[in-house]
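Single-structure report; data block below.
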Amino acid sequence: MAIQHFPLKLVSRRMLAPTVGHYVFVRDDGAPLDFIPGQFIQVHFQYADGTATKRSYSLATIHDHALGPGEAVEIAVSYVPGGAATALFEGLEIGGVVDASGPFGRFCLMPQDTNRRYLLIGTGTGVTPYRSMLPELERLIRERGIEVVLLFGARNPTELLYGDEFRAFAAKHPANFRFVPCFSRELPEAGSPQAHANVRHGYVQQFLDEFAPDAQGDIAYLCGNPNMVDTCFEALKGFGLSVPQIRREKYVSSK
Ligand SMILES: Cc1cc2nc3c(=O)[nH]c(=O)nc-3n(C[C@H](O)[C@H](O)[C@H](O)COP(=O)(O)OP(=O)(O)OC[C@H]3O[C@@H](n4cnc5c(N)ncnc54)[C@H](O)[C@@H]3O)c2cc1C
């Protein structure tokens, strides 16, 4: 897929969590944007001293077709204290334009894979690629009967990004899709919609054993916090998964 450079105009924004915004853009040049779920874009801007810089953001758009002109290009932005891109996004008004390029990356479902199960593991905004993949996962459930376990690490229930959407997908595919929110700090209140049986208390990496990673049948995807990605990578290798079976996207700052 050819990498392009394009302006993105902000059409709406809402808070997904206290420090995470969901941004909806359209291409301001009227051209389409094709991408594969799991890919990311880069946003280009300048520091106060005029030095050029850029930051990467996974595409969160639920992808069931190539985006035509005027269709939503969605990302989730985690606000980092003192962050340069954070300031750019926080200050962006509706109608404001950012300079972007993409799509980039190979953190995608592969057509040649014949695995029985996907272990999708993400922390924070690292869950956005999996939102984009939902239509493709649904097709694989229908055509190949795959199973999917989504282990989502968040500090508390207010940070469970797109939690309603993942829960709804799990309810639609109860035999094939397990959504397992792992809260490192507070658990949901008893009786709340988030307090279901799959919820775990701790870090995602603590719960891998429970799902018995299997070198014969599993492919794993790890996305988000670099420490989580490294820890899970080593743990999954310990279960016998080979490096090509463990796909990684680390959210490191690209300054
Ligand atoms: C392939 C890829 C995809 C990415 N996708 C996303 C995405 O979908 N959503 C998203 O929000 N981010 C994503 N990131 C991270 C993003 O590109 C930025 O690094 C992040 O938003 C911080 O940028 P900033 O300019 O606000 O902070 P910076 O100016 O880069 O950093 C400010 C300070 O905060 C620290 N810092 C940077 N990032 C974090 C962090 N995550 N947590 C705590 N401290 C931090 C830095 O070390 C520095 O001290 C992705 C990164 C990569 C490489």
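Each residue takes its place number in the sequence, starting with 1. Whatever order the structure lists ligands and atoms in, that order sets their numbers, starting from 1.
- Taking only nitrogen or oxygen atoms, main chain and side chain alike, A85 reaches within less than 3.5 Å of ligand 1.
- Neither the backbone nor the side chain of A87 has a heavy atom within less than 4.0 Å of ligand 1.
- Taking a cut-off of under 4.0 Å to the non-hydrogen atoms of F40, the atoms of ligand 1 that pass are 1 (C).
- Proximity of R131 to I62: side-chain heavy atoms (C-beta onward) are separated by under 4.5 Å at one or more points.
- Aromatic ring orientation, F166 versus F177: parallel (interplanar angle below 30°, classes split at 30° and 60°).
- Between atom 9 (N) of ligand 1 and the options G82, A76, S78, the minimum heavy-atom separation is to A76.
- Within the 4.0 Å heavy-atom shell around ligand 1 one finds V80.
- Between R55 and T53, the side chains place a donor N or O and an acceptor N or O closer than 3.5 Å (distance only, hydrogens not considered).
- Donor-acceptor pairing under 3.5 Å is recorded for the side chains of E138 and H173.
- For ligand 1, the atoms lying closer than 4.0 Å to a non-hydrogen atom of K250 are 52 (C), 53 (C).
- Using a 4.5 Å heavy-atom threshold, the side chains of T128 and L161 count as separate.
- A salt bridge between E210 and R200 is present, with a side-chain N of the basic residue lying under 4.0 Å from a carboxylate O of the acidic one.
- Residue F45 has no nitrogen or oxygen atom sitting less than 3.5 Å from a nitrogen or oxygen atom of ligand 1, judged on distance alone.
- Checked by distance only, ligand 1 and Y57 come closer than 3.5 Å through their nitrogen or oxygen atoms.
- Nearest heavy atom pair, residue F89 against residue V77, reads CD1-CG1, 3.9 Å.
- Summarising the contacts of atom 16 (C) of ligand 1 with A84, G126, S56, the nearest heavy atom is found in S56.
- Close contacts between ligand 1 and V77 involve ligand atoms 11 (O) [criterion: under 4.0 Å to a heavy atom].
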